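Just so it is clear, the values below take in all heavy atoms, side chains as well, and ignore hydrogens, waters and symmetry mates. The first residue in the sequence is number 1, and the count goes up from there. Being a predicted model, the structure only gives us computed values, none of them experimental.
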Amino acid sequence: MRWHTTCEKNFEGSCVHTVTVTDGADSAGFSYIRVPLGASDFSAKTYSYDDTSGDTNLNNFNIGAAPSYVFSTLQVHVVPWSPPGWMKSGTMDGGSLNTAYISTSFQSKGIPIYAISIQNEPENSNPTYPTCSMPVSTEAQIGVALRSLMNSNGFGNTKIIGYEHNWVDAANYPVQLMQQAGSAFDGVSFHCYQGSVSDQAEFTSQYPNKEVFFTECTGMLGSDWWSDLKVCLSSMLATHFIGSLTYGSSTGLMWNLALDGNGNPLLPGTNSCGGGCRGVVQINSDGSWSVNQEFYAMAQASKAILPRDEGGPWGQRIGVSVGGSLSWALVVGAYVTGRVSSTDWYRYSIVVLNWDDSASTTWNPQPVEATIEFRGMQASATYTFPVGITTLWWYAP
């Protein structure tokens, strides 16, 4: 997506601080958002856009069933957690799609979208919140039908993204989906909850020209900042926001952009997110807000790839290697950003994570001094990276 046109008044500050996509702005520069089509495990109630049983023509399709804030964004990546219950066994919670409804038509509701996915987590059927088990063959059939309908109704530029599930099955479900209906899908997306980021290579090695998106992971409530930064967030930056890009992804997302301090709204009765999920931004009952650990990891990565010029291109990943006796302490991603004018120098960026605290229980940060080599030439100075995350950039032709 490229997002954000309006925000609720109380949250305007958090929106500006989070999504203003301008080089040099006091903002994280987040530029991609995924929005559920209908209810999810983080909805106040269960709903779809058409709960009228048997309405295969979608005469009662009502996008107003969603909370008013859902579509206050521009060009989003949308994905359903479940079809309406009447297309399954009577409930949106768990189960699978009755394939007789695959040919049901879609209508334009005037909402510009960048990408659409067929089904969130198609290998997950959970009876406590909207989910839907969907075999590869069914998703492939829907993809082919949807691509044709979208092409015929002015949505030829909207991407169709498949899979939307964990790294662990990267060699199977998404590969089979491309084998059965590759022409219908622009690419696939991955979640972090099982497997490892390197599993993405099981897909990209076979389909290097298909797009890859990393679209879901979450932080958990109840942990302290340093534990998260040292363990969870260090791993998160290394795997999600550097690692996923290294293995071909063009996005790095967390599940919930904003939740309250208790991880709400959470669908009543769901067993999803045991222990409580944490939003990137925390919204308080008095209208104030604060940012959480994930915000800083995402913001550092985002700063490295923002367009340098208005209307200019986004940064692209380039190769990088780390050597020396302390190479284990540094995780590095490198990027180049083109310019609007051919006479302007490119911007080169590195995002560096130093996770060497040299301690098992106490805070004992150890800076790492490193020499940066660029195009085979040693830089004129070394740089000492403190424990944490550092983003550097420079310009060259």
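Taking 4.5 Å as the limit, every side-chain heavy atom of Thr337 sits out of range of all side-chain heavy atoms of Trp393. Residues Ile350 and Thr391 are not in side-chain contact: their nearest non-hydrogen atoms beyond the backbone lie 4.5 Å or more apart. A heavy-atom distance below 4.5 Å is found between the side chains of Trp394 and Phe374. The side-chain heavy atoms of Tyr193 and Glu216, taken from C-beta on, include a pair separated by under 4.5 Å. Annotation: side chain of Tyr247 is not in contact with side chain of Val212 (no heavy-atom distance under 4.5 Å). Side-chain contact between Tyr163 and Phe185: absent, with no pair of heavy atoms (C-beta onward) separated by less than 4.5 Å. Counting only heavy atoms from C-beta outward, the side chains of Val188 and Tyr207 never approach each other to under 4.5 Å. Side-chain contact between Ile116 and Leu146 is present, with heavy atoms from C-beta onward closer than 4.5 Å.
With Asn153 contributing its side chain and Leu149 its backbone, the two residues share a donor-acceptor pair below 3.5 Å. Of the possible polar contacts, one joining the Ser125 side chain to the Gly95 backbone as a donor-acceptor pair under 3.5 Å is found. Formation of a donor-acceptor pair under 3.5 Å by the Ser117 side chain with backbone atoms of Gln119 is not found in this model. Judged purely by atom type and a 3.5 angstrom limit, Asn126 uses its side chain to pair as donor or acceptor with the backbone of Thr128. Under the 3.5 Å distance criterion, the side-chain polar atoms of Asn354 are matched with a main-chain donor or acceptor of Gln366. With hydrogens and angles disregarded, a donor-acceptor distance shorter than 3.5 Å links the side chain of Ser43 to the backbone of Ser40. With Asn57 contributing its side chain and Asn59 its backbone, the two residues share no donor-acceptor pair below 3.5 Å. Of the possible donor and acceptor atoms, one in the side chain of Thr131 sits under 3.5 Å from a partner among the backbone N and O of Gly94. Panel note: side chain Arg339, backbone Trp345; a donor-acceptor pair is recorded below 3.5 Å. Checked by atom type and distance alone, the side chain of Lys210 pairs as donor or acceptor with a backbone atom of Gly182 at under 3.5 Å.
Within 6.0 Å of the CG atom in Asn157, the count of heavy atoms belonging to other residues, nucleotides or ligands does not exceed 12. Within 6.0 Å of atom OH in Tyr395, more than 12 heavy atoms from other residues, nucleotides or ligands are found, so the atom counts as buried in its surroundings.
Side-chain contact, Ser148 with Asn151: no donor N or O sits under 3.5 Å from an acceptor N or O. Remark: the Asp50 side chain and the Ser48 side chain contain no N/O donor-acceptor pair separated by less than 3.5 Å. With hydrogens and angles left out, the side-chain atoms of Thr215 and His77 include no donor and acceptor closer than 3.5 Å. Side chains of Glu139 and Tyr173: a donor-acceptor N/O pair is present below 3.5 angstrom, by distance only. In summary, the side chains of Asn120 and Arg34 do present a donor paired with an acceptor at a separation below 3.5 Å, with no hydrogens or angles considered. Checking Asn284 against Trp289 by side-chain atom types alone, no donor-acceptor pair falls below 3.5 Å. Using modelled atom types and a 3.5 Å distance limit, the side chains of Ser82 and Lys88 yield a donor-acceptor pair. Of the N and O atoms on the side chains of Gln200 and Ser249, not one donor lies less than 3.5 Å from an acceptor on the other residue.
Comment: Arg147 engages Asp186 in a salt bridge, judged by a side-chain N to carboxylate O separation of less than 4.0 angstrom.
The structure places CD1 of Ile33 at 12.5 Å from OG1 of Thr251, a figure rounded to the nearest 0.5 Å. Asn166 contributes atom CG, which lies 8.5 Å from atom CD of Glu123 (distance to the nearest 0.5 angstrom).
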CA sep, side-chain torsions, deciding dist, call: Phe30, Tyr32, ring-ring contact (aromatic ring centres under 6.0 Å, His included): CA-CA 6 Å; Phe30 298 163; Tyr32 199 101; over 10 Å; no
Intermediate values then yes/no, side-chain contact (heavy atoms from CB on, under 4.5 Å), His191 and Cys217: CA-CA 6 Å; His191 298 177; Cys217 201; over 6 Å; no
Trace of the side-chain contact (heavy atoms from CB on, under 4.5 Å) decision for Tyr348 with Ile318: CA-CA 9 Å; Tyr348 292 84; Ile318 55 176; 3.9 Å; yes
side-chain contact (heavy atoms from CB on, under 4.5 Å) assessment of Phe385 paired with Val387: CA-CA 7 Å; Phe385 292 96; Val387 165; over 6 Å; no
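Aromatic ring orientation, Trp167 versus Phe214: parallel (interplanar angle below 30°, classes split at 30° and 60°).
A cation-pi arrangement is absent between Arg308 and Trp314, since the terminal nitrogen or guanidinium carbon is not both under 6.0 Å from the aromatic centre and inside a 45° cone about the axis.
Residues Phe42 and Gly263 share a closest heavy-atom pair of CE2-O, 3.5 Å.
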